[in-house]
Number of protein chains: 2
Amino acid sequence: MANDFDLSRFLPYALNQAAEATSVGFQKYYRQKYGMLRTEWRVLFHLGQYGAMTAKELCARASLHKTKVSRAVQALERKRFLSRTTQEHDRRYETLALTRQGQDVYADLYEAARKYDADLSSHFSPQEREILNRCLERIARI
Amino acid sequence: MANDFDLSRFLPYALNQAAEATSVGFQKYYRQKYGMLRTEWRVLFHLGQYGAMTAKELCARASLHKTKVSRAVQALERKRFLSRTTQEHDRRYETLALTRQGQDVYADLYEAARKYDADLSSHFSPQEREILNRCLERIARI
DNA sequence: GGATATTAGTTAGGTTTGTAACTAACAATA
DNA sequence: TATTGTTAGTTACAAACCTAACTAATATCC
């Protein structure tokens, strides 16, 4: 089994390992403090960063399946972090928006994320970090 | 909401998006062709690359929980890709090894992975690819 | 040697996820 | 305006997962 190509350098594997390693650490912020799941956190962040939008838009932006979004939205609504308003001109759509409380939670988690990311960044040179970002963005588009 | 810090640059998020994007594409090889799950594929690859070992070793190497490994091993055994042998000197341990058939599957998937990775690599300069690998490896260790 | 603690791996029960079928609203065509 | 199709979002059911409790084997300590 002469290997030039190593499992640890196989991109899907290496990315998953890295993603898992960083995600586990951040989980404790949204999970312990607010009882949120990963998808809920993502939905909250998207609404916090980009403002109110429909579930469909959210699916497209976040590359999430509509059932996952549907369930996350229900959960966030139960927690009173998010409200929905059926659109008048087409009653199939509903606008999702953070409540006041949801915005507070977002602000809190946003700060936690910023710090967490800064901690991670300290392991890299600015050049590495920039290239890493660039590469990840490119991969996500494939 | 003036943002210097963007969701798409939050490492846990960006890594997950990238990991998901690349994993979905590779899934079809092990899933369609061999009906394997992600964890099963990982176990198979570890045994293929590093040779026989115990479940405990596998857990440590692959950063997988023992219940996940236990189930993947059972599944691979059902498929006749893997066999177990209780160790004589300590009958709690069992040595996991690929069967002949398992090795063939590994060889096939190994080739698929190599090609898949080469395709992905074509999106990067050699320098980018090298830095990407280096960064991912470093993150996984955190 | 016998009681107690650890360790490798499995099983059980509840939670989360994925897939596919569904409902309700709108669009298009006749 | 009826028929047929499409679309946004939900629900149902099965598969997968997580956590914690378990079994069986070995180690430790008296």
Side-chain angles (χ1 to χ4, degrees), chain A residues 16 19-21 23-25 27-28 30-32 34-44 46-47 52-79 82-97, chain B residues 16-17 19-21 23-28 30-32 34-44 46-47 52-79 82-97:
Chain A
N16 266 295
E20 216 27 55
S23 295
V24 164
Q27 260 196 16
K28 70 166 184 290
Y30 57 82
R31 185 146 200 174
Q32 283 182 11
Y34 300 109
M36 286 166 68
L37 261 29
R38 202 177 289 187
T39 310
E40 296 174 45
W41 163 73
R42 285 196 192 189
V43 167
L44 187 94
H46 271 273
L47 295 176
M53 65 183 88
T54 67
K56 183 183 169 61
E57 268 177 275
L58 226 161
C59 291
R61 274 180 176 278
S63 313
L64 289 169
H65 194 269
K66 59 184 179 172
T67 61
K68 249 178 151 174
V69 168
S70 172
R71 285 187 278 243
V73 165
Q74 289 175 51
L76 290 171
E77 197 181 29
R78 268 195 303 276
K79 297 187 177 83
L82 169 156
S83 69
R84 344 189 195 196
T85 323
T86 303
Q87 293 188 1
E88 270 316 308
H89 72 94
D90 185 337
R91 293 155 46 67
R92 283 174 301 183
Y93 290 90
E94 40 192 22
T95 303
L96 307 173
Chain B
N16 265 293
Q17 293 293 97
E20 215 27 52
S23 295
V24 164
F26 187 61
Q27 261 196 14
K28 69 167 184 288
Y30 57 82
R31 185 144 198 178
Q32 283 182 11
Y34 300 109
M36 288 167 67
L37 262 28
R38 202 178 290 187
T39 310
E40 294 172 47
W41 163 71
R42 286 196 192 187
V43 167
L44 186 96
H46 272 272
L47 295 175
M53 65 183 88
T54 67
K56 181 182 169 63
E57 269 176 277
L58 226 160
C59 291
R61 273 178 177 279
S63 312
L64 288 171
H65 194 267
K66 59 183 179 173
T67 59
K68 249 179 151 173
V69 168
S70 172
R71 284 185 280 245
V73 165
Q74 290 176 50
L76 290 172
E77 198 181 28
R78 268 195 303 276
K79 297 187 177 82
L82 169 156
S83 70
R84 341 188 198 198
T85 323
T86 303
Q87 293 188 2
E88 270 316 311
H89 71 94
D90 186 336
R91 294 157 41 69
R92 286 173 300 184
Y93 290 88
E94 38 192 23
T95 303
L96 307 174

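Residue numbering restarts at 1 for every chain, and letters A, B, ... go by the order of the sequence lines. Quick note: numbers below take in every heavy atom, side chains included, and nothing from hydrogens, waters or symmetry partners.
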Original post:
In Å and rounded to the nearest 0.5 Å, what is the CE to NE2 distance from A:Met53 to A:His46?
Top reply: 7.0 Å

**OP:** Using whole Å, report how far CD of B:Gln27 lies from C1' of D:dA15.
**Re:** 14 Å

**OP:** Please check if any side-chain donor atom of A:Gln27 sits under 3.5 Å from a side-chain acceptor atom of A:Ser23, or the reverse.
**Re:** no

Subject >> B:Gln17 side chain near A:Arg42 side chain, heavy-atom distance below 4.5 Å >> reply: yes

Original post:
Taking only N and O in the side chain of A:Ser70, is any of them less than 4.0 Å away from OP1 or OP2 of D:dT10?
Top reply: yes

Subject >> Between D:dT26 (P) and B:Asp90 (CG): distance, integer Å >> reply: 5 Å

Subject >> Per-nucleotide protein contact string for nucleotides 16-23 of chain D (B base, S sugar-phosphate only, - none; heavy atom under 4.0 Å) >> reply: S-BBB---

Original post:
Would you say a side-chain N or O of B:Gln74 is under 4.0 Å from OP1 or OP2 of C:dT11?
Top reply: yes

Original post:
Taking CG from A:Leu76 and P from D:dG9, how many angstroms apart are they, rounded to a whole number?
Top reply: 15 Å

Original post:
Heavy atoms, side chains only, cut-off 4.5 Å: are A:Met36 and A:Leu76 in contact?
Top reply: yes

Subject >> Whole-Å gap separating C1' (D:dT10) and CZ (A:Arg78) >> reply: 13 Å

Original post:
To the nearest Å, how far apart are A:Glu94 CD and D:dT10 C1'?
Top reply: 10 Å

Original post:
Relative to the ring of B:Trp41, is the ring of B:Phe26 parallel (under 30°), tilted (30 to 60°) or perpendicular (over 60°)?
Top reply: perpendicular

Original post:
In Å, rounded to the nearest 0.5 Å, how long is the span from CZ of A:Arg91 to CD of A:Glu88?
Top reply: 6.5 Å

**OP:** With the side chain counted from C-beta on, respond yes when B:Val69 and B:Lys56 share a heavy-atom pair under 4.5 Å apart, and no when they do not.
**Re:** no

Original post:
Roughly, in whole Å, what's the span from CG in B:Leu96 to P in C:dA8?
Top reply: 13 Å

Original post:
Atom NE2 of A:His89 and atom P of C:dC26: how far apart are they, to the nearest Å?
Top reply: 10 Å

Original post:
NZ of B:Lys56 versus P of C:dA8: gap in Å, rounded?
Top reply: 4 Å

**OP:** Could you check which of C:dC26, C:dG9, D:dA24 has an atom nearest any side-chain atom of A:Arg92?
**Re:** C:dC26

